[in-house]
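Notes to accompany the following structure.
We count ligands from 1, going down the list as the structure has it; atoms in each ligand are counted the same way. Numbering of residues begins at 1 and proceeds along the displayed sequence. In this text the structure is predicted, and so the values were computed from the model without any measurement.
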Amino acid sequence: MDRVVSGMRPTGVPHLGNLQGALRKWVELQDSYESFYFIADWHALFGLEERSREIKQNTKSALATLLAIGLDPEKSTIFVQSQVPEHTILFTIFSAITPTGWLGRNPTLKDMVRADEPLPYGLLGYPVLQAADILLYKGTLVPVGKDQMPHLEITREIARRFNSMYGVEYFPEPQAVLNESPVLPGIDGRKMSKSYGNIISIEDDFETIKSKVRLMITDPQKIRKSDPGHPDICTVFQMEKSFVSTEYAEDIFAKCVQGALGCVAHKDSLAKIIWEYLSPIREKYFYYMSHPEELVKVANYGAGKARKIAAQTIEEVLDITGVVL
Ligand code: SF4
């Protein structure tokens, strides 16, 4: 049976872009595959912007979000990466066989490096840790967005290199499960991302959501309600499409083009749609945030399940590499 593996960096309070992108896919996949989902706290430590004391709080928030959106600890193995030390053991083994040239090719590296700071080894090597994260569980399917395909390719290359160096067929070459849903725009029209400061977060209340949506960029040529608009260049419409049916979106499109819809009314309607979507998720989220003992229970339970497989892999890998007697 195929095995799905994926992780989420705890970099802040999760936002709509996370929920409507990767996490929605995770929930869908847990019904069809054996799934391993983890909070990638080692990766947060390796990121430049998260070298702070916030990792613990963000890990809690990420875990509460996974449960709030419907991941089920009985269906999926849900855990925190640092609770399974085998990730770092496999990372060390893969570090020994991965050419640095492969890591220099990583296209997202240049976005993460700051000109005024030296490049830490951990940041250069994080695709090696990603490979360890996936291959530790012999993951065969990895849900990714298009921009993460190069990382998965490095994982596949590392699996190939290990197998060929040791003359074994041990690690599978995982395949991508492409997330086809379009990238959710933030309030400024760019991809929704904490680093752009354009997010609607799971913790935002209705008034905050409403005021953020009011700031969204629309068609600059539509000044009055009666002006014919261009929804295809409007962030409000692009965001709304993620939450409504095709018929609803087509109706809005037609009304905007015909000059039968005003931007302020449309923004307020989108704020309500987002609120209706978020409300039940927020309720569960805040429940878990105020019951940290339940989060610890879930994380320990998941780590216990993950470690059984991880320990087996490490035992076999150490045997193959001849590191232990
Ligand atoms: S009416 Fe709606 S879709 Fe049309 S430009 Fe205004 S906000 Fe955008």
With a cut-off of 3.5 Å and sequence neighbours excluded, list every side-chain donor-acceptor pair involving residues 222-229.
from : atom 1 : to   : atom 2 : distance (Å)
K222 : NZ     : K225 : O      : 2.8
K222 : NZ     : D227 : O      : 2.8
K222 : NZ     : L261 : O      : 2.8
D227 : OD2    : I223 : N      : 2.9
D227 : OD2    : R224 : N      : 2.8

- Query: Parallel, tilted or perpendicular: which describes the rings of Y121 and F91, with under 30° parallel and over 60° perpendicular?
  - Reply: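 Ring orientation of Y121 relative to F91: tilted.
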
- Message: Is the ring pair F162/F171 parallel, tilted or perpendicular, if the boundaries are 30 and 60 degrees?
- Response: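 If you compare the ring of F162 with that of F171, the planes turn out perpendicular.
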
- Do any protein N, O or S atoms sit under 2.8 Å from atom 8 (Fe) of ligand 1, and which ones are they?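 Under 2.8 Å from atom 8 (Fe) of ligand 1 - ignoring waters, which are not counted - the protein N, O or S atoms are C234 SG.
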
- Before accepting this row, confirm whether a basic side-chain N of the pair K297/E294 lies closer than 4.0 Å to the acidic partner's carboxylate O.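 Salt bridge: no.
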
- Do R160 and E153 sit within salt-bridge range, that is, some charged N less than 4.0 Å from a carboxylate O?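 Counted as a salt bridge, because a side-chain N and a carboxylate O are separated by less than 4.0 Å.
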
- Item | Check against side chain to side chain donor-acceptor pair (under 3.5 Å), D72 and Q30 | CA-CA 8 Å; D72 178 348; Q30 75 172 347; 5.8 Å; no

